[in-house]
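First the proteins, then the strands, lettered A, B, ... as listed; each starts at 1.
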There are 2 protein chains.
Amino acid sequence: MAQRKRQLVSNELTEAALQLLASNGFDAVTIDEIATAAGVSKRTFFRYFASKEDVVVQFLAGMGADMHTALAARPAGERPSAALRHTVGVPIATCADHSDRALRVVQLILRTPALHARFLERQAQWRDDLAAELAHRLGRDPGTDLYPRLAAGMALTAFDAVLHRWSGSDGAEDPDELIDRAFAVIAPALDAV
Amino acid sequence: MAQRKRQLVSNELTEAALQLLASNGFDAVTIDEIATAAGVSKRTFFRYFASKEDVVVQFLAGMGADMHTALAARPAGERPSAALRHTVGVPIATCADHSDRALRVVQLILRTPALHARFLERQAQWRDDLAAELAHRLGRDPGTDLYPRLAAGMALTAFDAVLHRWSGSDGAEDPDELIDRAFAVIAPALDAV
DNA sequence: TGACACCTTGACACCGAGTGACAGCAGGGG
DNA sequence: CCCCTGCTGTCACTCGGTGTCAAGGTGTCA
């Protein structure tokens with residue numbers, strides 16, 4: 001009961017925030033306005049989201065965990081380029097599925113410096129997680145070997161480039177094809193011993 | 001005359017900020033404290049720096065421009081891996097030269113989420129600049145070709161990994177050797193047609 | 001049904017980052 | 001000597017974010 005109500009209020013808040021921020025710009029909207037639009041108080045907003053950026057970036061919250069589990073689930077002997085391509089494919093597929101909303105959110109993030117910074121911070125966290133998983137997967141020591149961190153960074157660089165192009169083309173370009181082209185570029189480095 | 005005084009106040013502010021932030025932590029120091037320590041008012045602080053993060057991150061301000069000009073100065077026929085390795089070598093050399101101060105600043109940035117986010121934002125700007133220069137250099141169209149953005153991203157991934165290791169080892173590891181090892185990993189992708 | 005505990009909420013006060021406006025104070029040139 | 005310019009401190013203000021407290025709804029047990 002209480003859980004469902006919490007989820008309801010959270011959705012209401014996210015809905016109001018996304019609509020207001022996307023149409024008026026990030027800085028022109030105050031948290032009081034978002035909260036009022038959702039029918040709650042400013043104090044309640046901060047009981048659901050840690051910051052103004054959070055209500056937007058949390059939209060991409062599960063992606064990190066999704067990628068980590070996706071990488072862990074790949075067959076053991078698979079080449080790193082293939083494993084990472086499927087890993088990065090997970091959040092991209094999520095975007096493509098909800099392309100209407102995801103596109104608006106991504107464009108808002110990439111165009112707003114404060115949001116972009118938070119997004120990059122989250123990506124850095126993803127990179128650390130993927131690097132740890134890769135090191136474990138390949139039996140490499142992350143303390144002395146640069147490869148895991150570099151490989152995870154390259155995969156996320158590809159992810160970022162694809163996202164950038166996808167948002168720049170207003171969703172016209174096919175994300176899956178873009179990933180394939182990006183991984184064709186970085187694969188030689190990922191698979192070289 | 002006025003210019004020299006401006007520079008003097010700016011240095012005073014940076015000095016006070018770096019010392020206070022490094023010893024007390026980013027969140028525990030207010031701008032009033034920094035300004036008072038430098039002998040000016042809070043309002044004057046904001047006439048020199050746009051934000052609390054800025055006073056730390058601006059320490060790395062020139063690096064972006066330095067890398068851009070360094071890349072533009074490389075011989076035309078040089079392989080991308082070699083050109084980018086020298087490009088990334090510039091800010092690393094700057095760090096190594098002022099290793100005492102640079103190390104403290106980098107460690108502060110990597111350990112403080114707000115600073116890390118701003119730093120990543122700045123790196124993203126560098127990547128855009130380097131990608132544009134690379135595209136111009138190689139005669140590629142950045143509108144359709146993913147390579148320039150990916151190559152710049154990989155080079156900065158290497159930069160980031162090196163910085164991380166350098167700061168994690170308290171400056172014990174040799175940055176130049178770390179870059180060489182990192183570029184040995186990513187070079188196959190940079191130089192593949 | 002009533003009493004109790006628990007959770008959520010709004011109201012209020014508060015702090016710190018950041019900005020706009022204004023007045024005062026230096027120095028440099030006429 | 002005066003005026004113009006640039007820098008500065010003060011003040012008042014907005015907004016993001018947090019701690020506290022009292023009030024209201026809900027579920028449980030007797």
Legend entry - Rounded interatomic separation in angstrom, taking CZ from B/F49 and P from C/dA17: 15 Å
Legend entry - Test salt bridge (charged side-chain N to carboxylate O under 4.0 Å, His left out) applied to A/D180 - qualifying residues, sequence neighbours left out: A/R85
Legend entry - B/R4 CZ to D/dC7 C1', straight-line distance once rounded to whole Å: 17 Å
Under 3.5 Å between N/O atoms: give me all the protein pairs with nucleotides 24-29 of chain C, atom names plus distance.
none

Legend entry - Whole angstrom value for the distance that separates C1' of C/dC15 from CZ of A/F46: 13 Å
Legend entry - Interatomic distance where CZ belongs to A/R6 and C1' belongs to D/dT26 [whole Å]: 16 Å
Legend entry - Watson-Crick or G-U wobble partner of D/dC11, both distances under 3.5 Å: C/dG20
Legend entry - Within residues 3-16 of chain B or reaching into it, pairs that qualify as side chain to side chain donor-acceptor pair (under 3.5 Å) - sequence neighbours excluded: B/Q7-B/N11, B/E15-B/R101
Legend entry - Partner residues of A/T157 under the side chain to side chain donor-acceptor pair (under 3.5 Å) criterion, sequence neighbours left out: B/T157
Inset, instruction - For B/D54 and C/dT19, give me the distance from atom CG to atom P, rounded to whole Å. - result: 11 Å
Legend entry - Residue list, side-chain contact (heavy atoms from CB on, under 4.5 Å) with A/A37, at least two apart or on another chain: A/A16, A/L20
Legend entry - salt bridge (charged side-chain N to carboxylate O under 4.0 Å, His left out) against B/E78, all qualifying residues, sequence neighbours excluded: B/R74
Legend entry - Test item: B/P142 and B/Y147 side chains (from C-beta on) under 4.5 Å apart, heavy atoms: no
Legend entry - Pairwise side chain to side chain donor-acceptor pair (under 3.5 Å) hits with a residue in residues 17-38 of chain A, at least two apart: none
Inset, instruction - Could you state the atom-to-atom distance from NZ of A/K5 to P of D/dG24 in whole Å? - result: 14 Å
Legend entry - Value in whole Å for how far the P atom of C/dG16 lies from CD of B/E53: 16 Å
Tabulate below the donor-acceptor pairs under 3.5 Å that side-chain atoms of residues 42-49 of chain A make, not counting sequence neighbours, or state none.
{"unit_1": "A/T44", "atom_1": "OG1", "unit_2": "A/S41", "atom_2": "OG", "d": "3.4"}

Polar atoms only, N or O, under 3.5 Å: list the protein pairs with nucleotides 9-15 of chain D and their distances.
{"unit_1": "D/dG9", "atom_1": "OP1", "unit_2": "B/S41", "atom_2": "N", "d": "3.3"}
{"unit_1": "D/dG9", "atom_1": "OP2", "unit_2": "B/S41", "atom_2": "N", "d": "3.2"}
{"unit_1": "D/dG9", "atom_1": "OP2", "unit_2": "B/S41", "atom_2": "OG", "d": "2.8"}
{"unit_1": "D/dG9", "atom_1": "OP2", "unit_2": "B/T44", "atom_2": "OG1", "d": "2.1"}
{"unit_1": "D/dG9", "atom_1": "N7", "unit_2": "B/R47", "atom_2": "NH1", "d": "3.3"}
{"unit_1": "D/dG9", "atom_1": "O6", "unit_2": "B/R47", "atom_2": "NH2", "d": "2.6"}

Legend entry - Short side-chain N/O contact from B/Y48 to OP1 or OP2 of D/dT8, under 4.0 Å: yes
Legend entry - Single-linkage hydrophobic cluster A/V185~B/V185, side-chain heavy atoms < 4.5 angstrom: yes
Inset, instruction - Under the salt bridge (charged side-chain N to carboxylate O under 4.0 Å, His left out) rule, collect the residues that match up with A/E133, sequence neighbours excluded. - result: none
Can you give me every donor-acceptor pair (side chain of residues 105-113 of chain B, partner residue at least two apart or in another chain, under 3.5 Å) with its distance?
{"unit_1": "B/Q107", "atom_1": "NE2", "unit_2": "B/S167", "atom_2": "O", "d": "2.9"}
{"unit_1": "B/Q107", "atom_1": "NE2", "unit_2": "B/D170", "atom_2": "OD1", "d": "2.6"}
{"unit_1": "B/T112", "atom_1": "OG1", "unit_2": "B/L108", "atom_2": "O", "d": "2.8"}

Legend entry - Contact list for DNA chain C against residues 112-125 of chain A - heavy-atom distance below 4.0 Å: none
